[in-house]
Asker: 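Dropping a structure here in structure tokens format, bear with me for questions.
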2 protein chains.
Amino acid sequence: MINRDGTPTINDVAALAGVHKRTVTRVMNSSSKVKAATRAKVEQAIEVLNFSPNRQARGLAAKRSFLLGLVYDAPTLFINDILKDTLGIIEDEGYELVVHACHYPSENVVKDVTRFVKRANLDGVIVLPPVADIADIGKELQKAGCPYVRVTSDVSDETSRLVVTDYLSAISDMTRHLVEFGHREFGFISGPNTHLSSRKRHEAFVQALSTHGIELPAEMVVEGAYTFDSGLMAANQLLSRERRPTAIFAANDEMAFGVIKVANQLGLKIPADLSLVSFDGTPFSNFAVPTLSTIIRPTGLMAKLATQKMLAQFNSGSNATHISETMISPQFEARESTGPVPGR
Amino acid sequence: MINRDGTPTINDVAALAGVHKRTVTRVMNSSSKVKAATRAKVEQAIEVLNFSPNRQARGLAAKRSFLLGLVYDAPTLFINDILKDTLGIIEDEGYELVVHACHYPSENVVKDVTRFVKRANLDGVIVLPPVADIADIGKELQKAGCPYVRVTSDVSDETSRLVVTDYLSAISDMTRHLVEFGHREFGFISGPNTHLSSRKRHEAFVQALSTHGIELPAEMVVEGAYTFDSGLMAANQLLSRERRPTAIFAANDEMAFGVIKVANQLGLKIPADLSLVSFDGTPFSNFAVPTLSTIIRPTGLMAKLATQKMLAQFNSGSNATHISETMISPQFEARESTGPVPGR
DNA sequence: TTACTAATTGCTACCGGTAGCATAATGGTC
DNA sequence: GACCATTATGCTACCGGTAGCAATTAGTAA
């Protein structure tokens with residue numbers, strides 16, 4: 001009876017249960033009423049045949065693919081974490097996750113992403129930074145009728161489609177921590193200026209310093225690229241000045257590793273001669289010697305929120321509790337790399 | 001004329017081009033003959049409508065999904081690299097990549113994976129270590145009729161479905177490097193014994209040492225878990241002995257980071273007092289202070305090979321050159337963490 | 001028991017492609 | 001110009017589900 005290639009279809013189930021396939025559909029989608037006895041028969045047939053519906057056929061008929069997309073730039077540790085948690089949630093909901101990497105600072109990212117969702121027939125897509133920082137992506141996806149969630153610090157969109165990172169509070173905590181240690185001369189190693197996250201971190205740092213009446217002179221700001229090598233170069237630049245900062249804020253962990261290296265080469269002890277803080281809180285920030293005082297992003301929570309907001313766009317009619325949360329607040333964690341200002 | 005939801009279908013194209021949809025199919029799959037003029041008309045219509053075929057319908061009719069799977073345990077940096085390169089290749093071939101994480105040392109991994117390929121209607125799947133180390137996964141996938149490639153160091157399968165890492169040559173190079181530096185007392189921090197990769201690295205190390213007439217005493221071998229914390233514990237164990245090794249081989253980078261930390265705490269200088277080598281060659285091995293002498297896996301090549309072998313299973317009839325390569329040889333790279341044995 | 005309404009279940013037309021087979025158009029050859 | 005072999009194109013039946021509507025059965029009140 002079974003299909004020639006071994007995979008049972010809904011017809012096989014219907015035949016075995018002695019009902020029409022319309023009834024099998026009913027049982028599966030547990031929508032309309034089915035008599036208990038009938039339901040039992042069908043469920044048993046499904047069990048016996050080990051039947052699972054063909055996603056293609058289902059998608060074609062129901063105009064859904066049960067495929068969600070995840071779009072990012074390069075797979076970093078941060079992306080890893082998000083990926084892991086997202087996957088855990090959506091598979092439970094019966095979706096599969098299709099990934100797509102695109103090259104960020106490029107003219108055609110928006111087109112690339114829309115082509116991807118169309119090509120893969122996605123039911124929805126979660127866009128991660130830095131790609132998500134492009135407000136136009138939201139507009140285009142909306143135009144294409146594709147549900148989406150942007151994980152970003154840009155807020156030019158409805159909150160139901162955003163998971164926003166708030167840089168202010170953690171960076172202000174971190175700044176206070178350093179100021180209380182007596183630091184007044186700061187250095188900042190930014191990410192690429194093309195990245196919104198970097199500009200926001202910079203902005204938040206300047207603002208936090210100003211509440212303490214401290215300025216961040218232009219020569220104390222060096223643009224990096226979120227990479228180790230750029231961290232090396234920036235650290236060299238900042239630490240070879242005659243008047244060097246007593247504390248450096250690196251906009252991500254990887255660049256902070258560069259600072260550690262340069263400090264070692266220059267014979268500067270961290271935190272005795274130089275305090276160092278970073279952003280991200282990847283596991284590696286704990287592996288460094290000394291361990292990095294850093295700002296930790298709650299990736300698990302971010303993934304959970306993004307996924308819930310994604311799913312909420314399908315189940316809008318259902319009893320899905322409305323998700324009001326949008327703001328994500330990373331937490332500053334003081335570890336070994338920060339200490340009192342030298343000579344204090 | 002266009003579909004209500006804006007997406008043009010093959011019928012729209014046919015109508016616009018003034019031909020039958022069968023002809024459109026012909027043009028798209030460029031199989032049978034179509035008159036040049038007709039082909040041009042169809043191609044223009046496709047262009048004008050910006051038509052792209054519905055993956056679901058195509059898959060349903062052609063019994064293919066154009067979806068490939070990638071199965072792993074936890075998303076590590078290694079997985080990231082593979083992911084990136086795999087994605088680059090298969091998207092060019094018209095496939096999308098669906099990812100799936102499963103919990104490795106667990107009874108039902110095999111079932112989990114087969115359920116995944118079935119549920120997602122995959123055309124094929126690439127299985128990464130440690131999941132790929134389970135020979136049964138190959139058997140089950142074969143039974144399920146699902147093309148696959150295992151990236152592993154197990155060889156109980158046809159080479160056309162394997163990408164095998166050879167641990168011997170790189171580990172023997174590494175060992176020679178240390179022996180030439182005068183080292184005779186070695187410590188080894190393994191990964192979990194449940195992981196084939198760990199057992200193989202161990203085995204290769206023992207063998208390499210033996211060619212130099214050196215033994216690796218049981219008390220100099222500590223089982224880790226491929227994690228930083230386990231590296232800490234293992235290093236503490238090895239370095240707190242009255243007779244401690246002069247060189248330690250950590251079975252991955254992350255555990256080597258733990259060794260660096262412990263060495264620092266104990267006031268041991270690397271490489272002056274202790275030489276350290278690791279396995280993986282993740283970017284972070286270069287960020288450490290000192291930089292890690294490590295064995296670098298050619299992840300790009302591995303991904304490329306795996307993907308090619310995957311695709312070759314579909315295009316078996318085509319002109320795809322037969323891929324004979326199966327063995328992957330990582331390379332040892334001496335960096336700062338290794339040096340002459342103390343007191344020499 | 002009958003009539004009538006509500007609850008179940010069956011029939012069928014899609015969804016948007018693919019591919020076998022039939023038919024029409026084209027091209028040579030004598 | 002007729003005839004036949006090719007070549008190009010059209011017709012149609014699926015693929016395996018979903019969901020609107022019709023038909024049937026069960027349930028309840030009169």
Side-chain angles (χ1 to χ4, degrees), chain A residues 1-43 45-46 49-67 94 118-121 123 314, chain B residues 1-43 45-46 49 51-67 94 118-121 123:
Chain A
M1 292 309 109
I2 304 295
N3 211 343
R4 30 255 140 270
D5 50 296
T7 320
T9 75
I10 195 173
N11 294 303
D12 301 319
V13 174
L16 181 61
V19 299
H20 193 271
K21 67 174 179 172
R22 178 69 176 94
T23 302
V24 178
T25 303
R26 287 199 182 86
V27 171
M28 298 207 37
N29 303 355
S30 57
S31 47
S32 16
K33 304 254 88 97
V34 178
K35 199 157 59 172
T38 316
R39 156 164 274 122
K41 272 194 304 183
V42 172
E43 273 166 353
I46 289 178
L49 295 176
N50 187 25
F51 165 78
S52 74
N54 179 307
R55 237 203 37 262
Q56 322 249 15
R58 201 137 102 98
L60 181 59
K63 295 190 171 300
R64 303 181 55 177
S65 65
F66 301 94
L67 253 33
K118 190 180 166 195
R119 197 180 63 212
N121 286 107
D123 282 349
F314 307 138
Chain B
M1 294 304 110
I2 305 296
N3 211 344
R4 29 252 141 271
D5 49 296
T7 321
T9 75
I10 195 173
N11 294 303
D12 301 317
V13 174
L16 181 60
V19 299
H20 194 270
K21 68 174 178 173
R22 180 67 176 95
T23 302
V24 178
T25 302
R26 286 198 183 89
V27 171
M28 298 204 40
N29 303 355
S30 57
S31 47
S32 15
K33 304 255 87 99
V34 178
K35 198 159 57 173
T38 315
R39 158 164 274 125
K41 272 194 304 184
V42 173
E43 274 167 352
I46 290 177
L49 295 175
F51 166 78
S52 75
N54 180 308
R55 151 175 282 88
Q56 321 250 14
R58 202 136 101 97
L60 181 58
K63 295 189 173 300
R64 303 181 56 177
S65 65
F66 301 94
L67 253 33
K118 190 180 165 196
R119 196 181 63 210
N121 287 109
D123 282 350

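First the proteins, then the strands, lettered A, B, ... as listed; each starts at 1. Computed from a prediction, not measured in an experiment: that's the story for all the values here.
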Asker: If I take atom CZ in residue A:Arg26 and atom P in nucleotide C:dC11, what distance separates them, rounded to the nearest angstrom?
Answerer: 12 Å
Asker: Mark yes or no for a side-chain to base donor-acceptor pair under 3.5 Å between B:Arg22 and C:dG17, with no hydrogen or angle criteria applied.
Answerer: no
Asker: Counting just side-chain N and O atoms, does B:Asn29 come under 4.0 Å of either OP1 or OP2 of C:dT18?
Answerer: yes
Asker: What is the distance, rounded to the nearest whole Å, between atom CG of B:Leu49 and atom P of C:dG17?
Answerer: 11 Å
Asker: Given side chains that start at C-beta, do those of B:Thr9 and B:Asn54 come closer than 4.5 Å, heavy atoms only?
Answerer: no
Asker: Side-chain donor or acceptor of B:Lys21 under 3.5 Å from a matching atom on the base of D:dG10?
Answerer: no
Asker: For A:Gln56 and B:Asn121, work out which heavy atoms get closest and say how close.
Answerer: NE2-CB, 3.8 Å
Asker: With a 4.0 Å limit, can you tell me whether A:Thr23 has a side-chain N or O closer than that to the phosphate oxygens OP1/OP2 of C:dT8?
Answerer: no
Asker: Please give, in whole Å, the distance from C:dT18 P to A:Leu60 CG?
Answerer: 12 Å
Asker: Can you give me the closest heavy-atom contact between A:Lys21 and A:Ile10, atom names plus distance?
Answerer: O-CD1, 3.8 Å
Asker: Tell me the closest heavy-atom pair linking A:Arg26 and A:Lys33, and the distance in Å.
Answerer: CD-O, 4.2 Å
Asker: Here's a test of your reading of the structure: between B:Ala62 and B:Thr38, which maps to the more 5' nucleotide of DNA chain D?
Answerer: B:Thr38
Asker: Just the rounded figure in Å: distance from P of D:dG16 to CZ of A:Phe51.
Answerer: 10 Å
Asker: By nearest atom, which of the nucleotides D:dG16, D:dG10, D:dA19 is closest to the B:Val19 side chain?
Answerer: D:dG10
Asker: How long is the straight-line distance from CZ of A:Arg58 back to CG of B:Leu60, given to the nearest 0.5 Å?
Answerer: 13.5 Å
Asker: D:dG17 phosphate, OP1 or OP2: any side-chain N/O from A:Thr25 under 4.0 angstrom?
Answerer: no
Asker: From CZ of B:Arg64 over to P of D:dC15, roughly how many Å is that when rounded to an integer?
Answerer: 19 Å
Asker: Between D:dT9 and B:His20, is there an OP1 or OP2 to side-chain N/O distance shorter than 4.0 Å?
Answerer: no
Asker: Separation of B:Lys35 atom NZ from D:dT9 atom C1', in whole Å?
Answerer: 9 Å
Asker: What is the distance, rounded to the nearest whole Å, between atom NZ of A:Lys33 and atom P of D:dA19?
Answerer: 17 Å
Asker: Would you kindly give the CG-to-P distance between B:Asn54 and D:dG16, to the nearest whole Å?
Answerer: 16 Å
